[in-house]
Amino acid sequence: MDQTIPKASDRQATATEKLQYMPGFGNDFETESLPGALPQGQNSPQKCNYGLYAEQLSGSPFTAPRGTNERSWLYRIRPSVRHTRRFSNASYPLWKTAPCLDDHSLPLGQLRWDPLPAPAERLTFLEGIRTITTAGDVLTQTGMAAHAYVFNEDMVDDYFFNADGELLVVPQVGAIRVFTEMGIIDVEPSEICIVPRGMMFKVSRLGDEKVWRGYICENYGAKFTLPDRGPIGANCLANPRDFKTPVAAFEDKETACRVHVKWCGKFYVTEIGHSPLDVVAWHGNYTPYKYDLQTFSPVGAILFDHPDPSIFTVLTAPTESVGTANVDFVIFPPRWLVAEHTFRPPWYHRNIMSEFMGLIHGQYDAKEKGFVPGGMSLHNMMLPHGPDAFGFEKASNSELKPVKLDHTMAFMFETRFPQQLTKYAAELETLQDDYLECWDKLERRFDGTPGIK
């Protein structure tokens with residue numbers, strides 16, 4: 001029986017039932033799926049109501065400053081020591097972990113892929129993860145990995161937790177249900193969800209698609225937080241109220257189950273006789289959450305020039321160097337372009353950061369051709385990139401009237417570390433051999449004489 005309502009109720013949540021969420025980013029929440037399951041006035045009573053066990057899940061060291069100290073108290077049917085028995089080695093050969101070097105012979109270059117092909121076999125979410133790039137070093141908790149996923153099977157009796165980092169999941173085709181220890185999150189394309197480091201979950205399909213596909217950022221470093229707005233002030237970009245944390249839910253199931261673990265780049269599995277998603281009540285600030293990218297309030301130029309893409313940052317995982325991110329999650333949503341006497345698409349540039357891009361739907365204004373929904377591109381540290389020849393000609397000669405970029409959503413995982421390509425990505429059949437040709441028609445215009453050419 002799945003308990004999913006935070007009040008006195010024993011109703012089951014179905015795939016069509018509207019789930020409940022609590023708004024806010026980084027809040028201290030409290031929620032219970034049975035009345036009186038949450039202790040009041042203390043965290044660890046001598047005996048918990050309903051015969052539950054009290055347990056703390058910490059996402060930071062105990063002595064971290066208050067602003068970065070994260071923990072939640074869970075009240076569960078069994079303590080988690082009963083959810084991991086003797087481990088066996090497991091293998092997910094297409095999920096790689098940094099450092100992953102010299103894995104292929106493809107030379108350095110700007111790269112772009114079409115969407116992952118649909119699998120011929122039955123794959124769960126966990127089995128369908130394919131690593132495209134890795135960066136940094138998981139053993140020192142720095143860097144990230146960019147994955148794509150494609151699957152067509154539910155995780156029914158299989159559960160997973162990642163000790164190496166938090167997971168930012170970006171569906172592109174097909175809505176998914178992410179059932180975590182702390183509640184259920186339904187995530188559609190144009191939404192994202194975060195599953196914290198160490199939290200157990202499973203993923204099932206929603207809807208009637210033939211395949212479910214998307215992207216994942218595995219963040220090894222400091223957890224994602226909202227970026228500072230600086231001179232922008234108190235409003236716009238991603239507003240805290242639009243982040244949604246699930247209410248308590250639990251799965252009371254006494255059947256053979258498997259818990260899969262990723263730890264320091266290796267995989268393990270343990271068999272237990274019950275579901276580990278047995279948290280009846282909880283309180284704290286170490287939580288999973290979702291966010292609707294369509295609620296992002298963009299800011300931009302209202303007179304001339306094109307601002308830096310950092311104004312589109314939704315979440316950032318900071319480092320000790322202020323302003324230099326372990327990972328930034330950046331989106332390019334629908335917005336108005338009004339700048340005068342300005343080349344409006346992103347300008348040509350080289351960057352100390354490394355950029356992995358994906359397209360959820362629509363067209364990307366700098367690459368209207370060749371970069372398709374479900375596709376990916378990689379522009380690594382200091383490699384030049386920018387609009388293709390078609391985009392340059394169009395933007396250079398368009399009438400500069402207000403234009404709305406609509407029906408589009410692209411994103412970027414940007415990191416301070418160079419992203420190392422995996423063997424899988426280097427040999428993927430959807431890798432575009434002709435990507436570099438998109439700039440071939442950017443011919444010399446200079447002839448030594450003044451004037452607009």
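What you see below is based on every heavy atom in this structure, not just the backbone, and it leaves out hydrogens, waters and symmetry mates.
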Visitor: Side chains of Glu181 and Trp282: do they bring a donor and an acceptor to under 3.5 Å?
Guide: no
Visitor: Tell me whether Arg71 contacts the main-chain N or O of Ser60 through its side chain, where contact means a donor paired with an acceptor under 3.5 Å.
Guide: no
Visitor: Measure from the side-chain N and O atoms of Glu166 to the backbone N and O of Phe224, and report whether any donor-acceptor pair falls under 3.5 Å.
Guide: yes
Visitor: Got a second to check how far Gln420's CD is from Leu378's CG, nearest 0.5 Å?
Guide: 10.0 Å
Visitor: Which heavy-atom pair separates Ile360 from Pro189 by the least distance, and what is that distance?
Guide: CG2-CB, 4.5 Å
Visitor: If you measure from CG on Leu116 to CD on Glu429, what distance do you get to the nearest 0.5 Å?
Guide: 9.5 Å
Visitor: Ignoring hydrogens and angles, state whether a donor on the side chain of Gln56 or Asn43 is under 3.5 Å from an acceptor on the partner side chain.
Guide: no
Visitor: Examine distances only and state if a side-chain atom of Glu55 and a backbone atom of Pro79 form a donor-acceptor pair shorter than 3.5 Å.
Guide: no
Visitor: Report yes or no: does Asn69 contribute a side-chain atom to a donor-acceptor pair with the main-chain N or O of Phe62 at less than 3.5 Å?
Guide: yes
Visitor: What are the two closest non-hydrogen atoms of Tyr159 and Ser275, and how far apart are they?
Guide: OH-OG, 3.5 Å
Visitor: Might you confirm whether atom OH of Tyr21 has over 12 heavy atoms from other residues, nucleotides or ligands at distances under 6.0 Å?
Guide: yes
Visitor: If I compare all heavy atoms of Gln110 with all of Tyr435, which pair ends up nearest, and what's the gap?
Guide: O-CD2, 3.6 Å
Visitor: Can a side-chain donor-acceptor contact be found between His147 and Glu218 if the only test is distance below 3.5 angstrom?
Guide: yes
Visitor: Can you tell me how far CG of Leu421 sits from CG of Leu428, rounded to the nearest 0.5 angstrom?
Guide: 9.5 Å
Visitor: Minimum heavy-atom separation for Cys264 and Asp164, please, with both atom names.
Guide: N-OD1, 2.5 Å
Visitor: Looking at Gln42, I'd like to know if its CD atom is crowded, meaning that more than 12 non-hydrogen atoms belonging to other residues, nucleotides or ligands lie closer than 6.0 Å.
Guide: yes
Visitor: Tell me if the centroids of the rings in Phe411 and Phe413 come within less than 6.0 Å of each other.
Guide: yes
Visitor: Hey, does the side chain of Asn152 reach the backbone of Glu121 with a donor-acceptor pair shorter than 3.5 angstrom?
Guide: yes
Visitor: Could you work out, with side chain to side chain contact (heavy atoms under 4.5 Å, CB included) as the rule, every residue matching Gln141, not counting sequence neighbours?
Guide: Arg197
Visitor: So, Ser354 side chain and Phe417 main chain: donor-acceptor pair closer than 3.5 Å or not?
Guide: yes
Visitor: Lys262 and Thr97: side-chain donor and acceptor closer than 3.5 Å?
Guide: yes
Visitor: Among Arg177, Lys202, Arg205, find the residue that satisfies the salt bridge (charged side-chain N to carboxylate O under 4.0 Å, His left out) test when tested with Asp154.
Guide: Arg205
Visitor: So which pairs with a foot in residues 111-130 pass ring-ring contact (aromatic ring centres under 6.0 Å, His included), sequence neighbours left out?
Guide: Phe125-Tyr149, Phe125-Phe151
Visitor: Going through the checks in order, is the side-chain contact (heavy atoms from CB on, under 4.5 Å) test met by Glu191 and Asp292?
Guide: CA-CA 4 Å; Glu191 295 181 324; Asp292 185 347; 4.2 Å; yes
Visitor: Quick check against the 3.5 Å criterion: does Asp406 have a side-chain atom that pairs as donor or acceptor with the backbone of Pro334?
Guide: no
Visitor: Quick one: CH2 on Trp263 to OH on Tyr268, what's the gap to the nearest 0.5 Å?
Guide: 6.5 Å
Visitor: Mark yes or no for whether Thr31, through its side chain, and Val247, through its backbone, hold a donor-acceptor pair below 3.5 Å.
Guide: no
